[in-house]
Amino acid sequence: MRESDPPVLILAPAGRDAAVAGTILDEAGLRAEICTDLPALVARLDEGSCAILTEEALRASDRHGLAAYLAGQEPWSDYPFVLLTLRGTPPDARLMDSLGNVTLLERPFHPATLVTATRFAVRARRRQREAAAFLHERQQTAERQALLIRELHHRVKNTLATVQALLGASARGATSVDEFYQGFSARVISLAKTHNLLTEDYWQMASLQEMLENELGPYNDEAGKRIALKGPLVELTADLAVPTGMAIHELTTNAAKHGALSVPEGRITVTWAVDQGETGRRLRLDWTERGGPRTAEPTRKGFGSTLLQRVLTMQCGADIRFDFKPAGLHFRMEAPLVEHRTVPHY
């Protein structure tokens with residue numbers, strides 16, 4: 001008997017049968033517990049490996065509780081019983097039928113016979129529990145696959161909508177085919193980087209730090225002082241990671257063309273934090289540029305700001321703000337952090 005196996009339950013209220021059976025099993029390394037009556041045994045069945053009962057104990061008891069327990073068993077369960085009968089007396093067929101999975105043992109019995117029958121019953125119950133655990137794991141796996149398929153459908157729809165927006169806006173803002181190609185390609189590559197982070201993670205999450213490093217890393221200097229990133233470990237779900245990745249790309253592209261990254265002395269600092277509010281956890285991100293050309297409020301909205309306004313606000317429920325200070329752009333985003341859904345493991 002394994003240490004993890006539940007005890008063997010014994011119901012033999014008359015004579016010394018319970019004490020003798022308990023002593024025999026204990027000497028064989030089988031942990032046993034004696035029950036005083038049938039209701040007490042029924043109440044402990046879920047906590048036992050099997051049950052040893054005398055025929056007279058069953059006959060003298062109200063068996064409705066036992067019948068209800070056996071009728072309500074899970075499909076994987078076929079509780080094992082060892083029924084002790086008297087030699088020379090035919091067993092009651094009704095008791096045999098009511099117990100179902102029962103092994104008959106005539107008294108008086110050899111101790112080795114009781115030990116062997118009990119070990120078979122304990123092993124059978126252990127196999128049933130292992131089968132139940134396997135079936136439960138299969139069910140959990142199937143549920144997770146269904147969940148992932150639904151999330152995949154949702155993500156593909158969002159991605160196609162994003163690509164369509166990228167295509168239309170890139171075409172409207174381009175003055176030549178080459179300019180359109182360069183702008184559209186860069187945005188698609190940025191989108192692909194974010195998806196790579198998501199697919200590399202088992203739970204389909206992307207690190208905010210890695211997303212920022214992917215975009216801003218190439219602009220950093222050898223000393224690592226041109227780009228400063230500071231914040232806690234934050235993993236974003238796909239619904240937030242994809243729009244945020246596109247926003248980071250647009251901010252980086254704008255900084256390289258017109259802002260702090262367009263001159264060697266320019267610097268960018270990105271900080272973020274997670275706040276616990278009344279409606280849940282919220283991500284707060286600040287993008288600050290300095291050392292670049294003087295900044296002024298743009299006379300028209302470019303594609304980047306349009307993307308940030310529409311995608312972050314509509315898809316993520318984010319609050320965003322642009323502050324075009326002369327010293328450099330300051331961008332702030334606050335968005336709800338949706339916890340990823342998990343499937344429990346047993």
Side-chain angles (χ1 to χ4, degrees), residues 166 169-170 173 179 181-198 200-201 205-236 240-275 283-298 301-309 311-312 316 318-335 337:
L166 293 175
S170 298
E179 184 181 349
Y181 175 80
Q182 296 297 332
F184 183 65
S185 297
R187 285 164 176 143
V188 170
I189 290 172
S190 175
L191 184 64
K193 287 180 180 179
T194 301
H195 277 287
N196 284 340
L197 290 176
L198 291 169
E200 287 173 0
D201 184 79
M205 308 284 284
S207 165
L208 176 60
Q209 174 96 21
E210 290 185 37
M211 293 167 60
L212 289 162
E213 289 175 350
N214 282 344
E215 288 291 341
L216 292 170
Y219 296 96
N220 212 350
D221 54 21
E222 294 183 1
K225 295 182 177 180
R226 193 178 190 194
I227 305 297
L229 307 177
K230 185 178 180 180
L233 175 64
V234 176
E235 300 285 337
L236 305 182
L240 181 56
V242 172
T244 302
M246 295 304 301
I248 293 171
H249 172 74
E250 294 302 326
L251 289 168
T252 303
T253 301
N254 182 74
K257 288 182 176 180
H258 314 291
L261 298 181
S262 65
V263 293
E265 59 272 16
R267 301 287 185 268
I268 290 182
T269 300
V270 184
T271 61
W272 63 93
V274 177
D275 300 325
L283 170 67
R284 186 181 72 253
L285 181 143
D286 285 275
W287 172 291
T288 304
E289 300 183 24
R290 55 188 172 83
R294 287 178 60 84
T295 307
E297 189 81 25
K301 271 191 176 182
F303 169 66
S305 59
T306 302
L307 175 72
L308 269 59
Q309 290 283 357
V311 176
L312 290 176
C316 309
D319 296 323
I320 64 174
R321 186 179 67 195
F322 290 94
D323 188 355
F324 295 93
K325 298 179 179 179
L329 170 68
H330 176 226
F331 168 78
R332 165 168 285 199
M333 177 185 79
E334 292 187 13
L337 278 176

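In terms of modelled atom types and a separation under 3.5 Å, the side chain of Ser262 and the main chain of Gly259 share a donor-acceptor contact. Side-chain atoms of Arg290 do not come within 3.5 Å of backbone N or O of Ala260 as any donor-acceptor pair. Side-chain atoms of Arg267 come within 3.5 Å of backbone N or O of Glu265 as a donor-acceptor pair.
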Which is it for Leu251 and Leu329 under the side-chain contact (heavy atoms from CB on, under 4.5 Å) test, yes or no, and what are the steps along the way?
-> CA-CA 10 Å; Leu251 289 168; Leu329 170 68; 4.1 Å; yes

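Residues forming a side chain to side chain contact (heavy atoms under 4.5 Å, CB included) with Arg321 (at least two apart in sequence, or on another chain): His330, Arg332. Ala327 meets the side chain to side chain contact (heavy atoms under 4.5 Å, CB included) test with no other residue; sequence neighbours excluded. Evaluation of the side chain to side chain contact (heavy atoms under 4.5 Å, CB included) rule for Ala296 yields no partner, not counting sequence neighbours.
Side chains of Leu285 and Leu208 form a contact here, defined as non-hydrogen atoms less than 4.5 Å apart. Considering only heavy atoms from C-beta on, Thr295 stays 4.5 Å or farther from Glu289 through its side chain. Leu283 places a side-chain heavy atom less than 4.5 Å from the side chain of Met333. Proximity of Glu334 to Asp275: side-chain heavy atoms (C-beta onward) are nowhere separated by under 4.5 Å. Counting heavy atoms from C-beta on, the side chains of Leu216 and Leu261 come closer than 4.5 Å. Between Gln209 and Trp272, the closest side-chain pair of non-hydrogen atoms falls below 4.5 Å.
The number of heavy-atom neighbours closer than 6.0 Å to CZ of Phe324, taken from other residues, nucleotides and ligands shown, is above 12.
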